Amino acid sequence: MRMIIVWVLVIVGIVLAGLVIWRQLDHRADRAEMDRLAGFQPARPQTFSAEMVADLPEPARRFFTFSIAEGTLLHTVARIEMAGQFGMGDKAAPGYLPMQATQVLAAPEGFIWAMSSGAGITRLSGSDSGSWTRFWLNGLAPVARFGGTPDHTRSAFGRYVAEAVFWTPAAVLPGPNVIWEPVSDDVARMTMRRGDLEQMVEITVDPDGRPLHVSFLRWSDANPQKQHQFQPFGGYLSEFKIFEGFTLPTHVEAGNFFGTEDYFPFFLVDVSAIVFPDATR
């Protein structure tokens, strides 16, 4: 009996050690992805001029001249610190958990969002990126682990392209892979392409060009059928602050089925810092 107990303890110890190593490998992958994305920051960025957007549709022109001050260095990669609530349920039972997260956003190349929530045995942590979604309970039990599929890639692309519109506006200036079209007096549509991926995002602005909300059709399986399909997604933007010449929202409320009766805002965050990595380091 004593030998059985010893062997059980040895096996449990090996399993726990394996899980710890596995979690550390995930941490290492998170850091490597953040460093990789930071490397897309232009080493010698241009400076913004209203002339760059003079020919855009009027709501898009207002958006850029509100969001980027004349002469601002056009950083396209940002590191964002945030805290707030993340809904783990649905509209009927949101299951909000307090959370804090760090995100590196580098459209069109990718993003990574590393978060932690709760404490003790209920602590949830992990990361979401263009290549994976993986979360751990108490740092030891993997509770979600998927990605690396065309569906995941397309869904992630929708998320970070939409976030780039309001958190890294320099990344959505018109160019070979970014076009702007008019929708109405206060709404413009941006389309970003990367390889075979394409995502359209509509942005609604006030008379001064302040973005009020973004909306788009996102490829998602967050529906009762659990089947991937295009469905409404979007978020409201507020509490604007200036970061190195960029006027950006620091409060975001976003979720599935935006603009419908089924809208569920599962992502409620307040930003504490937005910094632009130095590509020369």
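All of these numbers come straight from a predicted model, not from anything done at the bench. Heavy atoms only: backbone and side chains are in, while hydrogens, waters and symmetry mates are out.
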Problem set entry | Salt bridge present between Asp262 and Lys91 (N-O < 4.0 angstrom) | no
Exercise. Can you find a side-chain donor-acceptor pair between Asn223 and Gln231 that sits under 3.5 Å?
Worked result: yes
For this session: Sequence neighbours left out, what passes salt bridge (charged side-chain N to carboxylate O under 4.0 Å, His left out) with Glu109? Give chain and number order.
Result: Arg194
Problem set entry | Thr133 and His152 side chains, donor-acceptor separation under 3.5 Å | yes
For this session: May I ask you to check whether Gln227 and Gln229 show a side-chain donor-acceptor distance below 3.5 Å?
Result: no
For this session: Kindly write out the residues that satisfy salt bridge (charged side-chain N to carboxylate O under 4.0 Å, His left out) with Arg159, not counting sequence neighbours, or none if the list is empty.
Result: Asp128, Glu163
Problem set entry | Name of the residue among Phe258, Phe233, Phe257 meeting ring pair (Phe, Tyr, Trp, His ring centres under 6.0 Å) with Tyr263 | Phe258
Problem set entry | Check: Thr76 main-chain N/O paired with Gln41 side-chain donor or acceptor under 3.5 Å | yes
Exercise. So His228 and Trp219, would you call those rings parallel, tilted or perpendicular, with 30° and 60° as cut-offs?
Worked result: parallel
Problem set entry | Donor-acceptor contact below 3.5 Å, side chain Glu202 vs main chain Arg189 | no
For this session: Look at the aromatic rings of Phe86 and Phe267 and report parallel, tilted or perpendicular, splitting at 30° and 60°.
Result: perpendicular
Exercise. Relative to the ring of Phe264, is the ring of Phe266 parallel (under 30°), tilted (30 to 60°) or perpendicular (over 60°)?
Worked result: tilted
Exercise. Angle class for the Phe63/Trp180 ring planes (parallel below 30°, perpendicular above 60°, tilted otherwise)?
Worked result: tilted
For this session: May I ask you to check whether Phe276 and Phe243 place their ring centers less than 6.0 Å from one another?
Result: no
For this session: Please determine, by modelled atom types, if Trp132 and Ser127 share a side-chain donor-acceptor pair under 3.5 angstrom.
Result: yes
Exercise. Sequence neighbours excluded, which residues qualify as side chain to side chain donor-acceptor pair (under 3.5 Å) partners of Arg154?
Worked result: none
For this session: Salt-bridge test for Glu81 and Arg79: reply yes if a basic N is under 4.0 Å from a carboxylate O, no otherwise.
Result: yes
For this session: Tell me yes or no: between the side chains of Thr204 and Asp186, is some donor less than 3.5 Å from an acceptor?
Result: no
For this session: Establish whether Phe166 and Tyr236 are linked, either directly or via other cluster members, by ILVMFWY side-chain heavy-atom contacts under 4.5 Å.
Result: no
Exercise. Going by atom types only, do Arg123 and Ser117 share a side-chain donor-acceptor pair under 3.5 Å?
Worked result: no
Exercise. What are the two closest heavy atoms between Ala38 and Val77, and how far apart are they?
Worked result: CA-CG1, 4.1 Å
Exercise. Could you go step by step and tell me if Asp221 and Asp151 meet the side chain to side chain contact (heavy atoms under 4.5 Å, CB included) rule?
Worked result: CA-CA 9 Å; Asp221 65 350; Asp151 286 330; over 6 Å; no
For this session: Measure the acute angle between the ring planes of Tyr160 and Phe111, then classify it against the limits of 30° and 60° as parallel, tilted or perpendicular.
Result: tilted
For this session: Determine whether the side chains of Thr191 and Gln199 contain a donor N or O and an acceptor N or O closer than 3.5 Å.
Result: no
For this session: Taking atom types as modelled, find out whether Ser67 and Arg210 have a side-chain donor-acceptor pair closer than 3.5 angstrom.
Result: no
